[in-house]
Q: 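My questions all concern the structure below.
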Amino acid sequence: MGKYVVDIEGSRVKVSVIPTEGLVDTHVSELSKEILQSRLVGVDLKYDKFGKGLLLLFVETRCLIVQFSRYMREIPSSLKKFLVDAINCFVGVKLSLKKCEMMTCCYTISDKHDMKDCKTWVDLDEFVARVLQNPKLLSGTVPTLASEVGLKAESFPPMPLPSPNWAAKVFSKQEILYAIQDVYASYIIAKKAFALLSVDEGIKKESG
């Protein structure tokens with residue numbers, strides 16, 4: 001297992017890279033404890049040109065990266081349970097497309113079936129568009145969505161880097177930053193949008 005600490009916009013993010021099934025349970029449990037009342041979880045999926053994949057989960061300042069490319073031949077049961085838990089809202093960039101890619105790459109029929117039950121996964125642009133009631137934000141870019149919720153667009157620049165080997169045993173900090181950029185942005189922007197919704201509902205209650 002690899003542990004990294006990276007700085008993003010003044011926040012120290014703890015990243016755990018999990019290569020084997022036996023290490024998943026504890027880390028999923030720890031991540032679950034970080035989830036706030038909003039029940040938001042940032043999620044992303046990445047694949048390299050060799051078909052090796054990562055599942056990334058982000059809550060507050062903790063990121064869990066599961067390597068499906070090395071020793072994990074199926075999705076661990078604790079992780080399946082977490083991913084299909086309808087009490088949580090999983091938000092990610094182009095998530096509907098990536099979810100289909102993950103289902104294609106699942107090793108077992110059971111995994112493919114379970115991934116269909118991930119019904120509370122939503123694309124970031126759709127989440128923000130719904131919260132702000134602005135359909136023009138559908139298909140909006142990450143910087144645009146960030147700006148719409150009151151964050152600095154320049155805080156979420158695309159980070160070009162040749163696609164790393166996601167099956168590697170060790171990553172550079174630059175590769176970790178590249179890997180988590182979308183899942184980090186998804187969580188931070190969705191959290192801000194949710195906060196705006198809560199404020200708006202509070203004002204409506206006071207005026208009512």
Side-chain angles (χ1 to χ4, degrees), residues 1-19 23-24 26-46 54-67 79 82-83 85 87-95 98 120-129 131-132 137 140-161 163-164 166 168 170-200:
M1 184 185 76
K3 289 190 175 182
Y4 304 83
V5 177
V6 294
D7 293 316
I8 305 179
E9 292 297 312
S11 297
R12 292 178 65 82
V13 177
K14 296 179 181 178
V15 182
S16 298
V17 180
I18 310 300
L23 297 170
V24 170
T26 298
H27 285 83
V28 169
S29 177
E30 290 177 353
L31 190 73
S32 298
K33 294 175 183 177
E34 299 285 335
I35 298 176
L36 301 178
Q37 187 176 0
S38 63
R39 308 307 302 181
L40 288 172
V41 179
V43 62
D44 192 26
L45 297 155
K46 292 192 179 299
L54 302 178
L55 169 69
L56 300 96
L57 300 167
F58 194 101
V59 178
E60 287 302 289
T61 58
R62 184 185 294 271
C63 183
L64 180 63
I65 300 179
V66 180
Q67 286 180 296
L79 184 55
F82 180 76
L83 294 174
D85 191 345
I87 196 173
N88 297 322
C89 179
F90 295 87
V91 185
V93 176
K94 298 181 179 178
L95 195 54
K98 292 176 180 178
T120 56
W121 289 35
V122 60
D123 290 338
L124 178 63
D125 57 348
E126 180 181 346
F127 182 89
V128 176
V131 169
L132 300 184
L137 295 179
T141 63
V142 168
T144 297
L145 298 173
S147 179
E148 288 292 328
V149 299
L151 298 172
K152 294 180 180 179
E154 57 269 25
S155 297
F156 303 93
M159 193 178 300
L161 185 73
S163 184
W166 294 134
V170 180
F171 297 101
S172 69
K173 284 197 173 183
Q174 188 66 18
E175 287 173 331
I176 290 293
L177 285 168
Y178 174 78
I180 71 174
Q181 61 179 324
D182 282 347
V183 73
Y184 169 80
S186 298
Y187 182 79
I188 296 300
I189 294 172
K191 180 182 176 182
K192 180 66 173 179
F194 186 85
L196 293 176
L197 177 63
S198 300
V199 170
D200 185 53

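What you see below is based on every heavy atom in this structure, not just the backbone, and it leaves out hydrogens, waters and symmetry mates.
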Q: Look only at the side chain of Lys152 and the backbone of Ala146, and say whether a donor-acceptor pair between them is shorter than 3.5 Å.
A: no
Q: For a side-chain contact (heavy atoms from CB on, under 4.5 Å) check, start with the C-alpha distance between Ile8 and Ile188, then their side-chain angles and the critical distance, and finish with the verdict.
A: CA-CA 11 Å; Ile8 305 179; Ile188 296 300; over 6 Å; no
Q: I would like to know whether Val13 and Phe58 meet side-chain contact (heavy atoms from CB on, under 4.5 Å); could you show each step before the answer?
A: CA-CA 10 Å; Val13 177; Phe58 194 101; 3.6 Å; yes
Q: Start with the C-alpha distance between Leu57 and Phe82, add both sets of side-chain angles, then the distance that settles side-chain contact (heavy atoms from CB on, under 4.5 Å), and finish with yes or no.
A: CA-CA 11 Å; Leu57 300 167; Phe82 180 76; 3.8 Å; yes
Q: State, to 0.1 Å, how close Leu23 and Ile18 come at their nearest heavy-atom pair, and which atoms those are.
A: CB-CG2, 3.6 Å
Q: Determine whether a donor-acceptor pair (N or O, by modelled atom type, separation under 3.5 Å) exists between the side chain of Glu175 and the backbone of Ser172.
A: yes
Q: Please lay out, stage by stage, how Leu64 and Val59 fare under the test side-chain contact (heavy atoms from CB on, under 4.5 Å).
A: CA-CA 9 Å; Leu64 180 63; Val59 178; over 6 Å; no
Q: Residues two or more places apart in sequence or in another chain: which of them pass side-chain hydrogen bond (donor to acceptor under 3.5 Å, both in side chains) with Arg62?
A: none
Q: Answer whether the closest heavy-atom distance between the side chains of Val149 and Val131 falls below 4.5 Å.
A: no
Q: Ignoring hydrogens, what is the shortest heavy-atom contact between Glu148 and Leu137? Give both atom names and the distance.
A: CG-CD2, 3.4 Å
Q: Could you check whether any side-chain N or O of Trp121 sits under 3.5 Å from a backbone N or O of Leu83, counting only pairs where one atom can act as donor and the other as acceptor?
A: yes
Q: Hey, could you give me the CG/NZ distance between Leu177 and Lys173, rounded to the nearest 0.5 Å?
A: 8.5 Å
Q: Please name the pair of heavy atoms, one in Ala179 and one in Lys46, separated by the smallest distance, quoted to 0.1 Å.
A: O-CE, 2.8 Å
Q: Looking at every non-hydrogen atom in both residues, tell me the closest pair between Cys89 and Val122 and how far apart they are.
A: SG-CG1, 3.9 Å
Q: Could you name each residue pair satisfying side-chain hydrogen bond (donor to acceptor under 3.5 Å, both in side chains) that touches residues 177-189, not counting sequence neighbours?
A: Glu60-Tyr187
Q: Report the distance from atom CG of Leu45 to atom CG of Leu56, rounding to the nearest 0.5 Å.
A: 7.5 Å
Q: Output yes when a side-chain donor or acceptor of Gln67 lies under 3.5 Å from a complementary backbone atom of Ala168, and no otherwise.
A: yes
Q: Write down the atom of Ile87, the atom of Arg39, and the distance for their closest heavy-atom approach.
A: O-CB, 3.2 Å
Q: What's the spacing between Ile180 CD1 and Tyr4 OH if we round to 0.5 Å?
A: 12.0 Å
Q: Nearest 0.5 Å please: distance from the CG atom of Asp44 over to the CG atom of Leu54.
A: 9.0 Å
Q: Is there a donor-acceptor pair under 3.5 Å between the side chain of Asp123 and the backbone N or O of Asp125?
A: no
Q: Mind running ring pair (Phe, Tyr, Trp, His ring centres under 6.0 Å) on Phe127 and Phe90 for me, showing each step along the way?
A: CA-CA 10 Å; Phe127 182 89; Phe90 295 87; over 10 Å; no
Q: Check the surroundings of atom CD in Glu154: do more than 12 heavy atoms from other residues, nucleotides or ligands lie under 6.0 Å from it?
A: yes
Q: List the atom of Cys63, the atom of Val183, and the distance in Å for their closest heavy-atom pair.
A: SG-CG1, 4.2 Å
Q: Tell me whether Ser32 contacts the main-chain N or O of Val28 through its side chain, where contact means a donor paired with an acceptor under 3.5 Å.
A: yes
